[in-house]
Amino acid sequence: MLSGHNLYLVALSLAIAVLGGYTGLGLAGRILGKTDLQRRALLVGATVVLSTGIWTMHFIGMLAAPLPADTAYLVLPTIVSFLICALVVGMSIFFVVGSRPGTFGTALAALLLGVGICSMHYVGIHGLAGPFTIKHDPWKVLLSVVIAIATAYGALRIFLDPQVGLRLAISAVAFGLAVSGMHYTAMWGMHVVPASAGHDMAMMAASLQMSSQLVSLVVACLCFLVTAGFLLFLLPDQWGRADSPPALNSTDRAEIAVPRAMEREASPMQPQPGRIERIPVESGGATQFIPVGDVRSIRADAHYTWVHDGHRERMCGWSISGAEAALDPTIFIRVHRSHIVALPHVTLVRKEGDAAVVELDGANPHQAPVSRARVAEVKARLGLTRSSAV
């Protein structure tokens, strides 16, 4: 399959596909639990990184292939191939993240993604220009499509599991295999034959073209961008800064004073009064249960909440006040109008102006703001009342 290819460029193409997949899928995994503007920005970022990784991998693979020395690239099909890639990837990620589908829905998203990758590939292939024609083995074309769809399904299926550590890495590798496996299978079934004597080059001569050297320069720049995006993604969210809590204004005070019964009426899914042992959350198209002992924090989002178990956040149908009423007050404390934290999991307290920030432990430590009105109570509950600094 790789006969005549530059194996160093083949390895680079696979690496770029995996790095792009890791960064793009990681960004997509952070969409849930964000504000509307943040979700839109993350969706665009994930789409750009994933499509750039796919497109760059494709053209590194083209540069690695034993094509004729005078091969050029038609600009219009090359640009169209990227647009196809960006459109299909964006639609697939939007569908998967927005609806968290089950097996059938994930299969449809994988079908869309796999067919999109194949369309991008063959449009880009027929952007090659030179004194030759290109023919394809139909069975190998079909095999490349099957590989793209099957491995894309594996990547999306893993993606729907917790987006941390090894799972995200495996999802990225599956994504890289989907792109590179499809590409090299398709190249295996492609044959470049000399053009016949009557081959008309007038149309190609009149088209805007890029040389292999210019394509190499563009690909090198995109490789740098994908790698830089991957390195930036590895930085923790709190790198070099603290999550500054908002100051408690008059609106905040009024919101705190609202009776809990009024807040409960906003959401029909509320826990029964009394102490609970598990909290229901939505994940992978199903309802799961988190033991209360694993809960680090609960964050309000409109009439719902997001529960953090030390690994990631998952959505809960309860309101913040409903959760507060059901949790053990000796363990959990409302530190802000939109945050509840588990005191046994607090590992750090830092003063932020008149307010404060607490950090919770876990595989992925995270922070929660403490409002000015709750700082004294938090210090007392943590045994820091006599401490000179927080």
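Below, each value reflects all heavy atoms present in this structure, side chains not excepted, and no hydrogens, waters or symmetry copies.
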- List the steps and the verdict of ring pair (Phe, Tyr, Trp, His ring centres under 6.0 Å) for Tyr184 and Trp188. CA-CA 6 Å; Tyr184 289 111; Trp188 182 33; over 10 Å; no
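- For Met91, the CE atom counts as loosely surrounded, since its 6.0 Å shell holds 12 or fewer non-hydrogen atoms of other residues, nucleotides or ligands.
- Rounding to the nearest 0.5 Å gives a distance of 7.0 Å between CH2 of Trp306 and CG of Asp301.
- Side chains of Ser81 and Tyr122: no donor on one and acceptor on the other come within 3.5 Å.
- With 3.5 Å as the limit, one finds a donor-acceptor pair spanning the side chains of His366 and Ser297.
- Heavy-atom minimum distance, Ala152 versus Leu113: CB-CD2, 4.0 Å.
- Surrounding CZ of Phe289 are more than 12 heavy atoms belonging to other residues, nucleotides or ligands, all under 6.0 Å away.
- Between the side chain of Ser144 and the backbone N or O of Val141, at least one donor-acceptor pair lies under 3.5 Å.
- The main-chain N or O of Val89 is never found under 3.5 Å from a side-chain atom of Thr47 such that the two would form a donor-acceptor pair.
- Under the salt bridge (charged side-chain N to carboxylate O under 4.0 Å, His left out) criterion, the residue pairs touching residues 302-311 are Asp309-Arg314, with sequence neighbours excluded.
- When hydrophobic clusters are built by joining Ile, Leu, Val, Met, Phe, Trp and Tyr residues whose side-chain heavy atoms come closer than 4.5 Å, directly or via intermediates, Val88 is not grouped with Ile149.
- Here the side chain of Arg372 pairs no donor or acceptor atom with the backbone of Val375 at under 3.5 angstrom.
- Between the side chain of Asp361 and the backbone N or O of Thr347, no donor-acceptor pair lies under 3.5 Å.
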